[in-house]
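Down below is the structure, laid out as structure tokens.
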Amino acid sequence: MSEHEEYLSQGESFEQEQNELTKRRLEELEELKKGNINPYTYSFEVSNYSSEILKSFKDDVPFENVAIAGRIMSLRRMGKASFCHVQDSRGRIQVYIRRDDLSEAYDQFKLMDIGDIVGVKGFVFRTKTGEVSIHAKHLELLSKSIRSLPIVKEKVDEQGNKVVYDPFADKELRYRQRYVDLVVNPEVRDVFVKRAKVVSSVRKFLDDKGYLEVETPILQPLYGGASARPFVTHHNALDIELYLRISDELYLKRLIVGGFEGVYEIGKDFRNEGMDKSHNPEFTMMELYVAYKDYDWMMSLVEELVHFVCVSVTGGSRVKVGENEIDFTPPWKRVTMLDSIREFTAEDLNGKSELELANAAKRLHVEVEPSMGAGKIIDAIFSERVEAKLIQPTFITDYPIEMSPLAKRHRSKQGLVERFELMCNGQELANAFSELNDPLDQRSRFEDQARLRARGDEEAMVIDEDFLRALEYGMPPTAGLGIGIDRLTMLLTNQESIRDVIFFPQMKPEKQ
RNA sequence: GGGGCUGUAGCUCAGUGGUUAGAGCAUCUGCCUUUUAAGCAGAGGGUCGCUGGUUCGAUCCCAGCCAGCCUCACCA
């Protein structure tokens with residue numbers, strides 16, 4: 001049995017359909033080895049990048065001795081000369097290969113395919129038709145591809161628009177084989193480069209303010225800080241259940257108790273809930289806690305932070321998102337939850353009883369259940385009648401106390417807490433409050449949650465005695481903030497699905 | 001979980017209750033030393049998502065299942 005037959009017989013790593021194409025590639029691989037060519041080399045001295053060459057080449061100035069490496073993305077063979085495009089991390093450049101310049105290396109070139117990774121040395125020139133290209137003096141196979149890539153072709157039409165033929169567009173394949181998506185769809189790479197810029201600019205902003213980046217446990221004996229169902233796992237040595245964190249909040253506040261005056265964490269949270277275009281089971285959250293500050297102060301910080309990130313990532317203060325243009329120039333509108341409802345529904349819910357609230361909900365065609373308290377009814381009306389209409393960044397402030405067991409009571413408004421959410425493009429982007437630091441109040445709020453849990457609310461918070469103990473030692477007045485990094489990235493890159501800003505979104509397992 | 005749409009060649013997609021299921025790209029053979037959606041001539045490639053049913057006959061009709069997308073609900 002030949003080497004490639006043996007490889008193909010090894011079953012599952014090759015689907016049936018790929019066999020013919022792969023078999024051919026494996027034959028080439030053997031031929032290369034027979035010719036003493038290592039198809040998987042160790043290194044190559046790269047001295048140039050495609051985009052830099054294209055940008056800096058001037059026709060009258062000789063540009064010699066360039067060396068690039070990348071993947072062959074197109075191939076036009078014309079007997080004793082050929083053209084191909086080589087794609088590196090910064091773009092693509094055409095390479096001209098002539099038998100006369102390469103002699104026996106041209107025979108190797110005949111065994112190369114689209115998808116192979118090559119190193120090219122040569123000089124830069126402009127072809128008859130005007131494309132800046134590399135005239136190869138040396139061509140070397142660096143890594144052989146034995147699985148054929150989807151072939152996407154492009155043309156620039158008379159109007160100068162890029163036309164794409166046979167796009168690799170199947171969303172399932174794109175998410176499952178993101179490596180292929182990234183190779184073949186250059187705009188996908190751009191989104192993730194911007195995502196990295198979102199994270200680094202958030203970090204820079206907070207570092208420059210003097211806040212300390214910290215890491216707290218992801219595996220937690222108790223979960224808390226949000227209303228959500230957790231993932232459960234098991235630690236063998238201790239023989240205990242552990243939960244994947246649903247938020248960082250309670251640990252970060254312990255650090256404020258410990259004397260840090262500003263701490264933040266950027267990391268993954270995990271929530272065992274449904275998935276849709278704005279929810280992935282694991283997602284990236286930034287949480288910040290600053291001592292001696294309140295939620296009013298935090299609103300100004302959020303304006304400054306998000307504006308800074310927007311400028312860093314996009315170069316400006318305005319972003320096109322779908323049909324809308326969003327302007328992040330501060331200051332942003334600040335409106336209480338009840339006022340926003342009055343503004344969009346003409347219902348004034350201020351000081352209304354539970355029965356009056358239920359009637360208002362009915363008038364607005366918002367479904368309410370008998371079990372819902374005043375706070376939940378207000379929240380339901382807001383979610384259904386207001387939220388989607390908030391396109392420009394808007395702070396919604398002063399939430400009902402029942403929904404916010406970790407937020408401090410409002411200094412002047414009965415039944416409300418000092419909390420705000422930043423709404424933008426009809427979605428929540430940030431959530432913040434004056435943190436509850438009264439241990440007696442915190443304990444009674446936890447107990448309210450425990451009662452909800454006993455009634456079957458699986459998302460109600462569990463009592464965290466160690467957190468209460470920390471508060472009993474005394475926590476300074478503190479402002480806290482959480483920003484969903486994935487959703488911020490969606491906005492700044494104009495992506496409508498969270499799956500398009502996460503490299504490997506959660507998928508059902510692939511069928512065998 | 002409800003509703004809608006989709007699944008045909010490696011990729012993008014046509015198509016039909018009836019002989020051997022098509023196109024472009026990709027692949028293979030031949031020609032071609034400035035091409036570019038390269039071209040010209042030829043060739044190979046399919047469990048028509050899976051299972052069952054109706055039928056003389058199913059890729060097509062029906063049912064169930066699987067997977068994906070959209071949407072509603074739930075959920076932050």
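Naming: A, B, ... by sequence-line order, numbering from 1 per chain.
Within the structure, a side-chain polar atom (N or O) of A:R176 is placed less than 4.0 Å from OP1 or OP2 of B:G68.
When the P atom is used for both B:C65 and B:U27, the distance is 42 Å, rounded to whole Å. Between B:G53 and B:C60, the distance separating the two C1' atoms is 15 Å to the nearest Å. Look at the P atom in both B:C70 and B:C13: the space between them is 16 Å, to the nearest Å. Of the P atoms belonging to B:C5 and B:C75, the separation is 28 Å, rounded to the nearest Å. B:G68 and B:U59: their P atoms are spaced 25 Å apart (whole Å). With both ends at atom C1', the span from B:U19 to B:A58 equals 15 Å, rounded to whole Å. Taking atom C1' on both B:G10 and B:G18, the two are 31 Å apart, rounded to the nearest angstrom. Nucleotides B:U55 and B:C62 place their C1' atoms 12 Å apart, quoted to the nearest Å.
In terms of position along RNA chain B, the nucleotide closest to A:M507 lies nearer the 5' end than the nucleotide closest to the other residue of the pair A:E421 and A:M507. Heavy-atom distances to RNA chain B give each of A:V152 and A:K277 a nearest nucleotide, and the one nearer the 5′ end belongs to A:V152.
If you check every strand for non-hydrogen atoms under 4.0 Å, A:S278 touches nothing. Using a 4.0 Å heavy-atom cutoff across all strands shown, A:E384 reaches no nucleic acid atom at all.
Rounded to whole angstrom, the span from the CE atom of A:M275 across to the P atom of B:C70 amounts to 11 Å. The distance from atom NE2 of A:H279 to atom P of B:C70 is 15 Å, rounded to the nearest whole Å. Rounded to whole Å, the distance from NZ on A:K171 to P on B:A67 is 19 Å. In this entry the distance linking CG of A:D276 with P of B:G1 reads 15 Å, nearest Å. When the C1' atom of B:C70 is taken as reference, atom OH of A:Y175 falls 12 Å away, rounded to whole Å. For the pair A:R147 CZ and B:C11 C1', the interatomic distance rounds to 14 Å; values are reported in whole Å. Residue A:E273 contributes atom CD, which lies 9 Å from atom P of B:C75 at whole-angstrom precision. As a whole-Å value, the separation of A:L54 CG from B:U36 P is 19 Å.
The aromatic rings of A:H135 and A:Y96 stand perpendicular to each other, their planes meeting at an angle above 60°, with 30° marking the opposite boundary. A perpendicular orientation is assigned to the rings of A:Y399 and A:F382, their planes being inclined by more than 60° (bins at 30° and 60°).
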Note to self: Under the criterion side chain to side chain donor-acceptor pair (under 3.5 Å), I'd like the reasoning laid out for A:T216 against A:D248: C-alpha separation, chi angles, the key distance, then a yes or no.
What the structure shows: CA-CA 7 Å; A:T216 62; A:D248 309 4; 4.8 Å; no
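Donor-acceptor pairing under 3.5 Å is lacking for the side chains of A:E459 and A:S227. A donor and an acceptor atom, one from each side chain of A:H85 and A:E154, are nowhere located under 3.5 Å apart. For the residue pair A:S404 and A:R419, a side-chain donor N or O sits within less than 3.5 Å of a side-chain acceptor on the partner. In this structure, a donor-acceptor pair under 3.5 Å is present between the side chains of A:D88 and A:S50.
Cation-pi geometry between A:R271 and A:Y223 is not satisfied (NZ or CZ under 6.0 Å from the ring centre, within 45° of the ring normal).
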Next item on the list: Report the secondary structure of RNA chain B in dot-bracket form, marking unpaired bases with a dot and bases paired to a different strand with |, and treating Watson-Crick or G-U pairs with both distances under 3.5 Å as paired.
Entry: (((((((..((((....[...)))).(((((.......))))).....(((((..]....))))))))))))....
Note to self: Can you build the contact string for nucleotides 22-35 of chain B? Use B for base contact, S for sugar-phosphate-only contact, and - for no protein heavy atom under 4.0 Å.
What the structure shows: --BSSSS---BBBB
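In this structure, the side chains of A:Q220 and A:Y251 come closer than 4.5 Å at one or more pairs of heavy atoms. Annotation: side chain of A:R71 is not in contact with side chain of A:R92 (no heavy-atom distance under 4.5 Å).
With distances taken from any side-chain atom of A:E459 to the nucleotides B:G68, B:C69, B:C75, the minimum falls on B:C75.
Under 4.0 Å is where a charged nitrogen must lie from a carboxylate oxygen, and between A:D379 and A:K376 no such pair does.
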